[in-house]
Novice: 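Handing you a structure now.
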Amino acid sequence: MTKRPSLPRRIALVLLEHAARVLPSARRTWATAMRNELPQIENDREALAWAGGCLVAGYVERAKAIARNRQWMKIALAAFLTIAAIGLASWRAGQRPYLTPGNHQIFREVSDAAALPGLLIFVAAAVSGMVALLAIHDRKFHQAARAGWACAVIIVPYLTALTIVSLLTPGTIVNIGDSYCYDLWCLEVNRVTATPKGHDILYTADVLVFVDSTHTHHLPVDQAKDFFYVLDDQGRRYPLRREMSFVNADVTVHPGESVKSSLAFLAPPSARKLYLMGNDSGPPWVRLYFGSDLSLFHRRPLLRVL
Amino acid sequence: MPNRSPQTCALLAVMLRTPRAWHYGYEICKNTGLSSGTLYPLLMRLSDRGLLESHWQEPERPGKPPRHVYRLTSEGLAFARTTAGSEKPAAARNTVVGAAT
């Protein structure tokens with residue numbers, strides 16, 4: 001009767017079988033060579049270490065084979081250049097303000113042209129990632145490696161290009177009299193009055209709210225009060241005075257119409273520049289869109305109030 | 001030509017000691033102190049460049065699988081001697097350090 005191998009030796013055999021699968025097909029003889037040394041190793045711990053080393057060798061050879069295959073480099077470079085070109089075009093589309101009669105500019109947080117490539121790229125990456133996971137589950141490691149590479153070839157150039165474009169793009173500053181649209185909601189600061197109040201100054205900004213949509217929308221006033229805050233040139237934050245901001249009750253905003261309202265906040269006289277900002281960073285996927293003001297590493301848009 | 005890393009030098013030094021003998025993978029690991037994860041990629045590289053020859057050796061005892069054995073080709077021997085001449089192998093350095101301590 002044959003004696004059953006010990007647990008470390010059984011693990012070692014599994015590792016060696018895995019190494020044989022990972023090794024490029026041209027190296028299969030070497031897999032047999034590694035495996036056939038195992039019976040010569042008497043110590044179980046050494047046998048396990050041997051098998052672990054062979055597994056490392058398998059992955060090293062697999063990685064070298066991939067690196068040697070220059071086609072991958074060409075595909076990665078082409079993917080990077082394509083994605084960078086799409087990204088720059090999307091960024092341009094997203095950053096360009098819409099001009100209305102009277103030179104009134106409307107800036108958007110993100111354009112459809114910017115969102116679409118991001119969406120398509122992440123759908124493609126998600127599909128290839130899922131294929132890779134399913135292949136791993138089915139122990140089809142070569143197929144998993146190919147799908148994993150496809151996923152990396154999509155994601156890595158995209159994120160690299162996104163980061164570079166985000167870091168190089170100046171932040172949007174929306175002047176008084178221009179408008180900024182966050183998703184469907186747009187806001188324009190058109191007049192600011194300052195009244196001394198104790199040691200501080202009470203600022204009241206007259207604003208116009210409208211929708212960038214062909215449908216009627218309901219203005220969620222309570223959400224708007226929490227959403228906005230004011231930032232000064234020294235990085236200090238000031239909340240809105242809830243009782244004096246968006247005092248009109250929830251209102252319905254029709255397409256092409258605007259609703260007048262006001263925002264109020266207290267700031268010290270030392271604040272020389274004041275900007276209205278939003279608390280929400282948007283849904284996570286918006287951070288991965290080219291040309292989005294909310295994308296990774298991008299400077300946040302500032303609506304000037306002073 | 002393969003790189004002349006300390007690991008390559010150690011491997012070549014061991015094979016140069018008995019240049020005409022066939023060496024087993026596990027035996028080389030023990031003699032050089034290299035792990036199998038380092039040794040086999042080196043052996044593959046040397047073999048690809050025609051510096052190493054290999055063949056399957058029938059088992060000494062029945063029930064054991066055939067083993068892959070290696071030795072340097074004439075080109076490999078020349079390369080090993082050049083390497084040994086230009087750089088002191090890691091194994092030799094370790095021996096000296098071990099003897100001194």
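Note on naming: letters A, B, ... go to the chains in the order of the sequence lines (proteins, then strands), and numbering restarts at 1 for each one.
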Novice: What are the two closest heavy atoms between B/W56 and A/A33, and how far apart are they?
Specialist: CH2-N, 3.5 Å

Novice: Are B/H68 and A/T32 side-chain neighbours, meaning at least one heavy-atom pair lies under 4.5 Å?
Specialist: no

Novice: Taking the side chain as every heavy atom from C-beta outward, state whether B/D48 and A/R27 have any atom pair closer than 4.5 Å.
Specialist: yes

Novice: Are A/E37 and B/Y40 packed together at the side-chain level, in the sense that at least one heavy-atom pair is separated by less than 4.5 angstrom?
Specialist: yes

Novice: Taking CD in A/Q234 as the centre, count heavy atoms belonging to other residues, nucleotides or ligands within less than 6.0 Å. Is the count above 12?
Specialist: yes

Novice: Could you look at B/T38 and say if it's the side chain, the backbone, both or neither that has a heavy atom under 4.5 Å from chain A?
Specialist: neither

Novice: Taking side chain as everything from C-beta outward and backbone as N, CA, C, O, which of these in B/P59 sits under 4.5 Å from a heavy atom of chain A? Side chain, backbone, both or neither.
Specialist: neither

Novice: For the residue pair A/A57 and B/S36, what are the closest heavy atoms and their distance?
Specialist: CB-O, 4.2 Å

Novice: Taking side chain as C-beta onward, heavy atoms only, is A/K64 less than 4.5 Å from B/M44?
Specialist: no

Novice: Specify which of A/L55, A/L38, A/T29, A/V60 makes the most heavy-atom pairs with chain B at under 4.5 Å.
Specialist: A/T29

Novice: Go through the atoms of A/A19 and report whether side chain, backbone, both or neither lie under 4.5 Å from a heavy atom of chain B.
Specialist: neither

Novice: Any side-chain heavy atom of B/K64 within less than 4.5 Å of one from A/Q40?
Specialist: yes

Novice: What's the shortest heavy-atom distance between B/G25 and A/W50, and which atoms?
Specialist: C-CH2, 3.9 Å

Novice: Distance check, rounded to the nearest 0.5 Å: A/I41 atom CD1 versus B/K30 atom NZ?
Specialist: 8.5 Å

Novice: Are more than 12 heavy atoms, taken from residues, nucleotides or ligands other than A/M130, located less than 6.0 Å from that residue's CE atom?
Specialist: no

